[in-house]
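To start, the structure under review is shown below, and the notes come after it.
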Amino acid sequence: MEALILFGLVLTLLFIGLPVGISLGLSSILFITFFSHDSLSSVAISLFGAGQHYTLLAIPFFILASSFMSTGGVAKRLINFAIASVGHFRGGLAMASVLACMMFAALSGSSPATVVAIGTIAIAGMRQVGYSKEFASGIIANAGTLGILIPPSIVMVVYAAATDVSVGRMFLAGVIPGLMAGGMLMLAIYVVARVKNLPAEEWKGFGNLVRGGKDAGWGLFLIVIIMGGIYGGAFTPTEAAVVAAVYSIFIALFVYRDMGPLKGQTWTNDSDAPAARVGFNGTVYGVSFFLVWEIMSFFAFAGSETVTAGTRAIIGLVLGAALALFYVSKRGAKLEDGLVSCIAQGMPIWGRNFSLMARGFFPALFGDETRKTMMEGTKTTIMLMFIIANALLFAHTLSAERIPQAITEWMLGVGFNWFTFLIAVNVLLLIGGQFMEPSGLLVIVAPVVFPIAMELGVDPIHLGIIMVVNMEIGMITPPIGLNLFVTSGITGMSLARVVKAAMPFVAVLFVFLILVTYIPALSTALPYAIMGPEIVQ
């Protein structure tokens, strides 16, 4: 009876038009006030606890990193690299859009951010070479959902906080399903492209692929920092989020220079002598290799007593110097200047850029574009954390009334097994995902289904991936699929047209959901191999 009253209050408040967060919080307060023996002081304690939850502290920093990585320059570099990789297949530009979404998902952890950043550029590009607007929009709406499946994922952080499982294991568990989902979408596009005779881009050789990877490299290296740092034992997922935010700000402002006072200022100028540019580029490769080596070797040998920091630095300096000299000798072979002369002439370019960065440091950090980006990230954080805090209050009310335990006893009593239970979970989440924001729905449902799953022997990490994939599909199903609204906004198409365009590819994700649900190894193989199974107390 208590469960019916509580869920009835939530649905009533939602149907009269109140926002999700307010509906969850207000229904909990009303229930505690009039129907429960729990004290109202538990409301304050629960809301305060949401702000103090260590795992949830990762969310603001991942959102901040996403905001700075969502600049047009980063997205454009990823798309160019994706086109260089798969653009030569039939339907290659559409496949490249999916691949770009997969890479951007690994930087942002957000589906709407992925749709906006990649879709704004990719849809226009597909239209220019003859793809229909509906086909392009349907692809981006579906591929954008990978933002919450490919790690790092904000929704995975929310699940881990709601069920007290490992964020690191959840991130690992998302790797294989994320790659598989992207691969299935690309395969579906290839089949359609063969049937409809869609165009293919010209293959421009491995040199173009290397150049694309080089341009996108500093953005993609964020993935290495996050995942390598977590699994190398250098920092926790929450600390990884902080590092990601700082790195993203530095890359956007001072390396890619897509925003701020250095925007549009290239590292080399047309007026620089050819020998100076060769020398500068060579030392850039050497320094870049040294920095990458230091970070990667730190992750690999952080716990080693034999490989010291000094040893790693010496090895990195030798290899970096060798790479720089090799590049300068190859590129400068046709120049009259010698190897040492090229490097010496490149030094003033370093000095000029360091001078620019020093003069623009504080204007960049406190400039209008930076403040605007941080404000947008703050708005998203406040909105999401408000929903999560109220959802955690709702989950506390459920727990205090022992509603999850009552549902568990009922389901076991009527003969549910793990197979039928997972069917019920999928149906519940698919329906709920049509009406609620993923993080809020997950915090409500996870505490209810988690105890039942444990009783039936379902792996907690496997359950988490099933829930995340359901949230993916919920983001592209009406009436409140967030990716549908975002796609509609960036294309100017009506919501009905976007829904119609997305539906054929939603069928691919439904097949993917069935595979993930009933093949646990897709979710558990990688985390088991690296970190071992999740132990639920």
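What you are looking at is a predicted structure, and each value in this text was computed from that prediction instead of being measured.
With contacts defined as side-chain heavy-atom distances shorter than 4.5 Å, the pair L146/T114 does not qualify. Side-chain contact between L107 and L78 is present, with at least one heavy-atom pair separated by less than 4.5 Å. Between V508 and L187, the closest side-chain pair of non-hydrogen atoms is not below 4.5 Å. In this structure the side chain of T145 never reaches within 4.5 angstrom of the side chain of F505, judged on heavy atoms. Contact annotation: the side chain of S523 approaches that of V516 to within less than 4.5 Å [non-hydrogen atoms, C-beta and beyond]. In this structure, M95 and I139 have side chains that are not in contact, with every pair of non-hydrogen atoms separated by 4.5 Å or more. The closest side-chain heavy-atom distance from I388 to I59 is below 4.5 Å. Side-chain contact check for N470 versus L513: some heavy-atom pair is nearer than 4.5 Å.
Heavy-atom contacts from other residues, nucleotides or ligands closer than 6.0 Å to CG of D164 number 12 or fewer. Annotation for F61: atom CZ does not count as buried by contact number, only 12 or fewer foreign heavy atoms lying within 6.0 Å. No more than 12 heavy atoms of other residues, nucleotides or ligands shown are found within 6.0 angstrom of CE on M296. For M383, the CE atom counts as densely surrounded, since its 6.0 Å shell holds more than 12 non-hydrogen atoms of other residues, nucleotides or ligands. Other residues, nucleotides and ligands contribute at most 12 non-hydrogen atoms within 6.0 Å of the CE atom of M374. More than 12 heavy atoms of other residues, nucleotides or ligands lie within 6.0 Å of NZ in K133, so this atom counts as buried by the packing criterion.
For the residue pair T373 / E369, no side-chain donor-acceptor distance below 3.5 Å is found, with atom types taken as modelled.
The backbone N or O of V116 lies less than 3.5 Å from a partner atom in the side chain of T120, making a donor-acceptor pair. Without hydrogens or angle criteria, R257 side chain to G264 main chain gives no donor-acceptor distance under 3.5 Å. With N281 contributing its side chain and V278 its backbone, the two residues share no donor-acceptor pair below 3.5 Å. Between the N483 side chain and the N142 main chain, no donor and acceptor come within less than 3.5 Å of each other.
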Check the pair F68 / T370 against side chain to side chain contact (heavy atoms under 4.5 Å, CB included), numbers first and verdict last.
CA-CA 8 Å; F68 279 93; T370 303; 3.9 Å; yes

Just do the side chain to side chain contact (heavy atoms under 4.5 Å, CB included) check on F135 and V192 with the steps written out, would you?
CA-CA 10 Å; F135 184 78; V192 172; 3.8 Å; yes

Side chain to side chain contact (heavy atoms under 4.5 Å, CB included) between R90 and K196, worked out:
CA-CA 10 Å; R90 189 161 298 280; K196 294 188 175 182; over 6 Å; no

Report the C-alpha separation of W267 and I349 in whole Å, then their side-chain angles, then the decisive distance to 0.1 Å, and conclude whether the side chain to side chain contact (heavy atoms under 4.5 Å, CB included) test is met.
CA-CA 8 Å; W267 284 80; I349 301 179; 5.8 Å; no

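Heavy atoms only, all atoms of each residue included: G91 and I189 are closest at O-CG2, 3.8 Å. Of all the heavy atoms in F171 and P151, the pair that sits closest is O-CG, 3.0 Å. For L149 against E472, the heavy-atom pair with the smallest separation is CD2-OE1, 3.3 Å. The two residues P112 and M475 come nearest to each other via the heavy atoms CD-CE, 3.8 Å. Taking both residues in full, the closest heavy atoms of P348 and A344 are given as CD-O, 3.4 Å, listed atom of the first, atom of the second, then distance. Scanning both residues, T236 and E239, for their nearest heavy atoms gives N-OE1, 2.9 Å.
Between D459 and R169, none of the side-chain N atoms (NZ, or NE/NH1/NH2) sits under 4.0 Å from a carboxylate O, so this pair counts as no salt bridge. A salt bridge links R77 with D258: the distance from a Lys NZ or Arg NE/NH1/NH2 to an Asp or Glu carboxylate oxygen falls below 4.0 Å.
L522 CG to T524 OG1: the interatomic distance, rounded to the nearest 0.5 Å, is 8.0 Å. Rounded to the nearest 0.5 Å, atoms NZ (K372) and CE (M259) are 9.5 Å apart. Here the CD1 atom belonging to I63 is positioned 6.0 Å from the OG1 atom belonging to T380, to the nearest 0.5 angstrom. Atom CE of M103 and atom OG of S85 lie 6.5 Å apart (nearest 0.5 Å). Separating the OG atom in S97 from the CD1 atom in I123 is a distance of 8.0 Å, to the nearest 0.5 Å. Put simply, CZ on R352 and CZ on F280 are 8.0 Å apart, with the number rounded to the nearest 0.5 Å.
Partner of T238 under the side chain to side chain contact (heavy atoms under 4.5 Å, CB included) criterion, chosen from I230, V157, L57: L57.
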Can you list, pair by pair, the side-chain donor-acceptor contacts under 3.5 Å of residues 316-332, counting residues two or more places apart and other chains?
| unit_1 | atom_1 | unit_2 | atom_2 | d |
| --- | --- | --- | --- | --- |
| S329 | OG | L325 | O | 3.1 |
| S329 | OG | F326 | O | 2.7 |

Which donor-acceptor pairs under 3.5 Å do side chains of residues 209-229 form with protein atoms, sequence neighbours excluded?
| unit_1 | atom_1 | unit_2 | atom_2 | d |
| --- | --- | --- | --- | --- |
| K214 | NZ | Y285 | OH | 3.0 |

